[in-house]
Amino acid sequence: MFLKLETRETGSDVGLSTLACFLLGVVITTLSAALIIAVIVSDKAAPELASLAMQNLNTSGVENPVTAVLLNFRSYDTLLEIAVLLIVAVAVLPDQCFAGKTSLPAKRFLSRNVKHQVNPVLAGLLKWLVPLALLVGGYLLWIGAYAPGGAFQAGAVIAGAGVALSLAGQHDFTWQTTSVRITLSLGLLVFIVVAAINNLITGTTLQYPVSYAGLFILIIEVAATISIAAILLLLFVCLKAIAEPAREGDTQ
Amino acid sequence: MSFNDLLPALIVLSALIPGVLIFCTAEQNVWLRRTLNFAGNVSCLALIGLLISGVYAGDVFEMRLPLLPDIDLVLHADALSLLFVSLSGLLWLLTTIYALGYLEGTQNHSRFFGFFSLCVAATLGIALAGNLITFLIFYELLTLTTYPLVVHKGNAASLRAGRIYLAYTMAGGALLLAGVVWLKALAGPLDFTATGILSAMPELDPGHLKIIFALIIAGLGVKAALVPLYGWLPVAMAAPAPVSALLHAVAVVKAGAFGIVRVVYDVYGIEFARDLGLTDLLGVIAAFTIVYGSVLALRQDDLKKRLAYSTVSQVSYIALGTAIAGPIATIGGMVHLVHQGVMKITLFFCAGNLAETLGIHKVSELNGVGRRMPLTMAAFTVAALGMIGLPPVAGFVSKWYLGTGALEVEAHWVLVILAISSVLNALYFLPLLHAAWFKPAAQTWAPKQSFWETSLMLLLPPVVTALLALIVGVFAGMSISPLSWVELIAAREYGQELMRDTEAGGLFSPQMSWVILTPLLLASGLLIPALRQLCVRLAPWAALPALLAGLMLPAGPTMLPDVFFGSVLVIDQNSRLMLLLAAILWLIVGVYGVSSLKADKNLVRYTLYFLLCMSGSFGLTLSQDLFGFITFFALMSFAAYGLVVHSGSPEAMLAGKTYMQWVVIGEVLLFAALVGLAISGGGEALMDLDRSQQPLWVSWLLLFGFGIKAGLLTTHFWLPRAHPVAPVPASALLSGLMVKAGLIGWWRFLPLGEVVLIEVGVALLVLGFGGAFLAVIIGLVQHNPKRLLAYSTISQMGILAAGVGAGLLVPELWPILSVALLIYAVHHGLAKGALFLSVGFIQLLSPGSAVRWLAWLTVLVPALAMAGLPFTSGALAKSALKSSLAELVWMVQLLPMTAIGTTLLMLRFVDLLHKASCDSKPANIEVVPHYFACGVLVLFVVSMLYLVPQAKPFMTYALSAQALASAFWPVLAGTLIYLLIRTYLTNMTPLSTSNSLVEGGALPSWFGDVNKKYIAHISRYPGNVANVPDKLAFPVLPNLQVHPGVTFIGILVCLGIILVYSAPV
Amino acid sequence: MMILGITLPVLPLLVGLPLLAAIAVLLISSHRWRTSISTVIAGLQLLIVILAIQTTEASYHYTLGGWGAPLGIGLAADGLSLALLLITAVLVLMISLYSAWYFSDSSKATRFWPIWWLLVAGLNTAFIAADAFNIYVALEMIGLSAVALVALAGTRMALVAALRYALAGLLGSLCYLLGVALLYRAYGTLDLAQLSAQMQADPLSWAALSLISVGLLLKTALLPLHFWLPPAHASAPAPVSAALSALVVKASFFLLVRFWLEVFDPAVTVTAANFLGVLGAIAIFYGCIGACRAQRLKLLVAYSTVAQLGYLFLLFPLAFTNSSLEMFGDAAVAAVTYFIIAHALAKAAMFLAAGNILVSCGHDEINNLNGLARHQPLALFTFAIAGVSLIGLPPSGGFIAKWLLLNVAIDSGQWWWVIVVLAGGLLTAIYIARVLNVAFSQMDSLNISEEMTVTRSRTIGMAACGLTLAILTILLGFNAEWILVLLNGSSPITDAGVVR
Amino acid sequence: MTQDLLYSITGIVLFGIGLFGVIAAAHIIRKLIALNTMGIGVFMVLLAAARHGVVTDPVPHAMVLTGIVVAVAGTALCLWLALQLQLLDSPVPEEPP
């Protein structure tokens, strides 16, 4: 199935012969049909989890039921989700990032790329776009408590600002610093610390005291937003950094 | 947990911990490693000692560790485990010593000894395992720990061996595991219990139990090398010698055999297994393996491979003993566990010594190696003879118990298997011994590095184990011997109490054992170079104690309960006479021999066999128990081989071969016969033995078994070949004395004077008289005086045989007939001895010799005595015989005829001697001993009449005129006839001088043994052209070239059929 | 659990500790500190698990956030979980120690440690999960970190293997997720206990079961879905291989057991169980043959994993006999649990030994390992002992495991599995013997260069880790009772129908 | 046919199409896209489950959000691996099976 993994463009789109494709199609169609039939046949009204969620919404510390689920009822999943992101972030981090003190003197996270020619239009656009994106991100983070929105959405928008900066080519990102690593792991760290504190307060892990639930959720969300933004940006920048020389090498 | 409970575990640990520590020692740290090794060895043995004393006192040693719910890891010491534990512990020590010597100068010692110790630990664990699961664990551990040992050399062959070894053992392990799991599922925890655990669970499905049994036995059979699972064993020979020794003698194959014993006795329970019919299956497999392994061994040229196949065969004795399912056979099987171990390890040690010291790996390279490495080969010889089952080496004890055990439960076929196996064993071991001791060395060996033939560490273990093999056989009756221990086990397995009859009655007179021991002591003195010359000189005087005993000791038995199965030596009227005859002959011929062979470079060897024969001869005369008798009988027979082939000429070699073939056949027949006798007669000492109960087949076997030795017609073929080729003194002994052993045998074991045995009696009469006459005819045409004398022996023994036959027909005659026969035998012994000696001084008889008149006198007196001239011993003997047989008229009439024949032979002998003396020149030979020897003999021949107390009743008749006349006329008639045919005889084309009756054409050739191959063989040696016949004088009927072996097999097959059919239903 | 008067939330701790460790090793750049912290936390984790086992409670439940199922997420651990947690803790400790030496002079260490701890967190999460969606996240944690660790080797082969592994993992996760979605649609809950209580044998359940099973089978690499395993396990760094073979595949198998035996119990049919058993049997043979033909040591070990995983699947036919699950279910689970533990120890030891050999010889081509017995006796010894356990010879954990398996097979009257188990053992013996034979041969083709001997002190530490595991394997064969006692605890999933 | 059932069926069909793509596609990017298609199919089924009852259920929404994050992570990792491979500048070697 995955015996051949192409990373380059080849003439054909499909790695299988026509006959095999046909057979595969038949099989998958049959499977899908069977699934569909199973769904239709056993279509019955399930006991309501939704009402339960709604009943508990007022003690969850937020008004948006989705956020309540994400960060209160099923906050454990979210905690792990951030851990998943962290795994990929660490896996993708460029090696020299860990070279430590022997490497380049610690630079700032964001620095101006002096070699790159400055495009005044682009520079002008960025001046407006980046703060705007940060603002939108902040808003999304705040509104998450009441309406659709939240840490992931906010993080994605903020990361978008970074992507724009990166694409413009006028700035470099440095991942070597300890602060970057703190930023990456901040979401997880804060989440765990909050969980531990709550454990001390209420005796149950991840159980917030009702009156402070909103506060704790906000703290987690802020930290998570920062980390998610950083990680998404990291992913983009690192992949871009690899892809460019790779593509050059490919075209040679 | 008390110390008692820990003891079994400590024993395992005493091997395990040194093993683990040795792994950690640096390669260079030799002394630390040795210290660890020996510390382990010694502590192990000490703990085993504690354990033995504890178990003997009835303490319980058991350690349990929970392994799984309702499954414990149990180490438990019972009598059976102790047997194996002590064997392992002891042989571990010896093998360690050996391995240290063997591996000197190689690498990877830490690894080797580490695994070695672990291997022993696993073996000890197997021995001490208290349930089947624990057993299985250690069993598999053994596989694992032996693998690195097998591949230790790291060359292609050993790697292949390792692969095959693993393949077999893993597969076996899997089967075993399947069986054990299944059984556990059915029957719960499988703790070993003396009478079996399954027998107490009648609700189990027998079908399942049978399949499980098959699985388990197949699993164990791999290690025990049952056919067809033996394939790994010969290949594993690629391992270093100590490992081979360990694999074959102690650890691996024994683990399998031990497992079979455990499963049959302690899991299934022997009676339950028998009821399920499982033992029959096992028995058939074991029997087949025994035979098949031996057949394969025959074909191996590689020494170690031959030994390996021998192991395949021998280990199955244990399984066989188990399968026979009787208390006695159980003893046989279990005791073979120890006996085979001791013997086989000796063989492997020796093979390793040969390879290591001289680079000998093949059987064909063994020629003459006995001279270079006498101690090694002596050890090898002892062990090999033990393997064949020769008394008194350990192997005999096992076979004896297997045989009697089989008869006890009426499994007669087992006897046939044992017989075939013994013969096959002899076939692949004896040529090897022959090559080593009697063939000239084909190459010059590497010179000795030290005083000893090889490194002392290599030499010591095999010598010790060989001695052990001998000791456990000789002292089988001792209470600490393996045999006694096994008897205890067997009693427990059958749920009985051991009944040991400890009454050691009779008076003990050590003097009587000195009769036998003196020659043996001198013989062992020969092994020490410094004492060698002294011993040679003293050799003839070894017969002195016998002479003194015969003259002075009071009549009565001597009991030695520790020796054999309780040895009994008796001096009574008859044996006293035979002992005196023997003593006189040995002494006189010995003196003669030592002086006449002074120049012979093989004098020491001659003396050795001479002494061994002497001991055997005395022993069988005195022994009144089966074991003792057959021991000394075998000792004499086998040692005589050395005398027969002494000259080393091709002719002697061939004669030796024939002799050996017949001896082996005889031994096997006798073994079967005595086993039958022991079972039917209810005892092993003759005093308790009821001879009259013996089945007919036993009588037949006795007839032929002893007939071989006595030169009875149809089994006599070896005699005319072997007697003439031996050195003169040896011939004298062979013809004069050793053939009488057959007579003694009949005497002791046939129900003479008790029961009428018509068939056997008639057969003896017919064969006896047939021999008496036919031998005369053949003898007459011989040109070699010694051969002529040999035929005369056949003739005379024929008369004696006929006498015994008459005794069987008419038991009432026996009391008097026996005395007559005894006198006749003594007479014949003395006269024949004197005649043979006279052949040795042909030069003195020559016309130029100064003392020729005196010399001729010493020839003529015994010759005429043979013919029965009045006033000689012959006349007395014959008249005694005649008077005792007075009721059998036709026999009385036949006897003079034989006398005529004897006269003819004697005249022909004198004639030949005369002719030869005319051709020879007088030479400077030492005269005194000759005169001494012959003179004394002649004196005895003449004076016996007045010396022997038994002769008194016959004296009056013998000296009566009628008797004198009747003694005289056959001599006269014979002389006349001889004079008539003399011309014809002299001018006759020389007969085949080379061979037996059959070759002379007197008997239809279907009697076997003529073969062109043989003659062709002779003619290949141009040096002996004189002996090669130009053509055969008499027209020979179409030759059926029947090898004695084939005859033997024929007898065996018939016997087998008879046994099977005759077994009471 | 009470320790010194403080109530410890054992289950959350088992997830939180590794996560904290991951953050710590990410932030610290000193090698020494990183390894010491790892060791300490691994030891702590082991301690917690042992204490958890020691306490008398039969099983653990924890409701996170105080909400309880179905709204919140619960954690649960029964005997099986505890057994797996224990073996995980033990192996994490040993592999962490080993890695401390293995990665001592490599820049990869800095990426290894955080991902390693995240993997551990994922494993622990999976073992104590009681929520279907939570399991999905745990599976992703495990899958992605495992892929990242395989890619750590950096060779082309490792990258390809990692990519393949990643795709397979993602595909499996998605199948699983669809199954969960269908379940949620039908039953409206994600809690396993509630699902189990409501489960009906209807087409939707079967569809969900199939999807979940296929997803997990793909991750467990049951033949014919094993294709990703051998290259991934063979080309990863040695400690990673050890963890992958010993633990990672077991996690998805563990979940499979959860779903089949507990959640979907009413929907499962005997035929389906037998089908899995047959696939397992084929995997045993296929894996063994693959191992016999492998040219590289690590590939051999990887194929051996394919085979050994096949044994695990015998659980299903043994547990679902015609009679009932109650009769042999517990015994079968006990046998397989024992098998998992024995295999985990042995396989980890084997990979660690292979890693040693690779480090000291510079290659792991089997045919050129002559004379290994002289140069690397310790590593070979470890390898051999582990092999013994894999073959199922006493005294080793593998023997007891096989013994239990055989026992169940015979008790439930399915003798044909006996043949499979035994034949598998023999085939295993063949490839183990193959390595040993080469290693013992005297013809010396090993070139131990100077450079290699410099790292000797390092390899001794590594070898000691492997040897410890091997000795544990042996010791495991001497007392099996504790683990069966442990497993006797009742299942939290079926018991915990009532939310606490 | 209710709306949620339609969504479910569409989701399953998408899942099937994605599955076909994952298996049949040659290029790694195509495979990844196919995987994401599958993911979207699954999310649709989940979202449909949210509307299965009377009230809109927030739980599946949360699940989908988590699922998206995980999918992003997985996709990123795969892309990174593919790029690393490309960086090694050689065709993907034939794997020994």
Side-chain angles (χ1 to χ4, degrees), chain A residues 1-3 5 7 34-35 37-39 41-50 52-53 55-56 69 72-77 79-81 83-84 86-88 90-93 95-101 178 181-182 184-185 188-189 191-192 195-196 198-199 202-208, chain C residues 7 9 12 15-16 19-20 22-23 26-27 29 62-67 70-73 107-108 110-111 114-115 118-119 121-122 125 131 133-134 137-138 140-141 144-145 147-148 151 160 163-164 167-168 178 182 184-189 198 200 202-208 211 227-228:
Chain A
M1 202 189 315
F2 300 126
L3 293 188
L5 295 175
T7 54
L35 280 181
I37 291 168
V39 170
V41 167
S42 342
D43 194 29
K44 57 195 172 212
E48 289 296 315
L49 190 53
L52 200 62
Q55 285 163 22
N56 289 309
V69 171
N72 198 339
F73 303 147
R74 299 181 64 88
S75 53
Y76 181 48
D77 277 346
L79 173 80
L80 296 180
E81 169 202 318
V84 169
L86 188 63
I87 293 171
V88 180
V90 176
V92 168
L93 267 178
D95 262 349
Q96 62 265 34
C97 148
F98 288 105
K101 290 166 189 167
T178 310
R181 279 185 267 156
I182 292 174
L184 291 178
S185 52
L188 190 59
L189 187 61
F191 215 138
I192 295 174
N198 283 319
N199 196 59
T202 63
T204 306
T205 311
L206 286 172
Q207 184 177 14
Y208 313 116
Chain C
T7 311
V15 179
L19 286 177
L20 277 176
I23 295 169
L26 178 68
L27 297 181
S29 50
Y62 200 88
T63 44
L64 284 168
W67 297 109
L71 186 60
I73 299 176
S107 64
K108 287 167 187 159
T110 48
R111 270 192 291 161
I115 305 180
L118 287 166
L119 174 66
T125 307
D131 181 284
F133 188 76
N134 185 228
V137 184
E140 287 292 5
M141 275 179 86
L144 293 181
S145 51
V147 168
V160 173
L163 189 50
R164 198 184 286 175
L167 290 174
L178 182 59
L182 293 183
Y184 188 77
R185 182 188 167 80
Y187 299 107
T189 180
Q198 300 173 32
Q200 291 157 356
D202 60 1
L204 191 102
S205 301
W206 290 327
L211 283 168
F227 54 89
W228 58 267

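Only this structure's heavy atoms are used, side chains among them; waters, hydrogens and symmetry mates stay out. In what follows, chains carry the letters A, B, and so on, assigned in the order in which the sequence lines appear, proteins first and then strands, with residues in each chain numbered from 1. If you're wondering where the values come from, they're calculated on a predicted model, not measured in any experiment.
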Which heavy atom of C/Tyr62 sits nearest to which heavy atom of A/Thr204, and what is that distance?
OH-CA, 3.5 Å
Starting at CZ of A/Arg74, measure out to CH2 of C/Trp67 and round the result to the nearest 0.5 Å.
13.5 Å
In terms of heavy-atom pairs under 4.5 Å with chain C, the winner among A/Asp77, A/Val84, A/Leu188 is A/Asp77
For A/Arg181 against C/Leu27, the heavy-atom pair lying closest together:
NH1-O, 3.5 Å
Test side-chain contact (heavy atoms from CB on, under 4.5 Å) applied to A/Ile37 - qualifying residues, sequence neighbours left out:
A/Val41
For each of C/Pro203, C/Gly65, C/Pro12, tally heavy-atom pairs with chain A at distances under 4.5 Å, and name the one with the top tally.
C/Gly65
One option among A/Asn56, A/Ile182, A/Thr202 has the most heavy-atom pairs under 4.5 Å with chain C, and it is A/Asn56
Choice from A/Leu206, A/Ile87, A/Leu79 maximising heavy atom contacts with chain C below 4.5 Å:
A/Ile87
Heavy-atom pairs under 4.5 Å with chain A are the metric here; pick the option from C/Leu119, C/Thr125, C/Leu71, C/Val137 that has the most.
C/Leu71
Scored by heavy-atom pairs under 4.5 Å with chain A, the best of C/Leu211, C/Leu182, C/Asn134, C/Leu20 is C/Asn134
If we define contacts as heavy-atom pairs under 4.5 Å, which of A/Leu184, A/Thr178, A/Leu189 has the most with chain C?
A/Leu189
C/Val15 versus chain A, heavy atoms under 4.5 Å apart: side chain, backbone, both or neither?
side chain
Candidate pair A/Tyr76 and C/Asp131, rule side chain to side chain contact (heavy atoms under 4.5 Å, CB included), full reasoning:
CA-CA 11 Å; A/Tyr76 181 48; C/Asp131 181 284; over 6 Å; no
Return the CG to CD1 distance between A/Leu86 and C/Ile23, rounded to the nearest 0.5 Å.
7.0 Å
Of the backbone (N, CA, C, O) and the side chain (C-beta and beyond), which part of A/Asn72 lies under 4.5 Å from a heavy atom of chain C, both, or neither?
both
Contact summary for A/Leu80 and C/Met141, nearest pair of heavy atoms:
CD2-SD, 3.7 Å
Taking all non-hydrogen atoms of both residues, which atom of C/Leu204 and which atom of A/Ala38 are closest, and how far apart?
CD1-O, 3.7 Å
Is it the side chain or the backbone of A/Ile192 that comes within 4.5 Å of chain C heavy atoms, both, or neither?
side chain
Measure distances from A/Ser75 to the heavy atoms of chain C and classify the residue's part below 4.5 Å as side chain, backbone, both or neither.
neither
Highest number of heavy-atom pairs under 4.5 Å with chain A among C/Ser145, C/Ala151, C/Ala207 belongs to C/Ser145
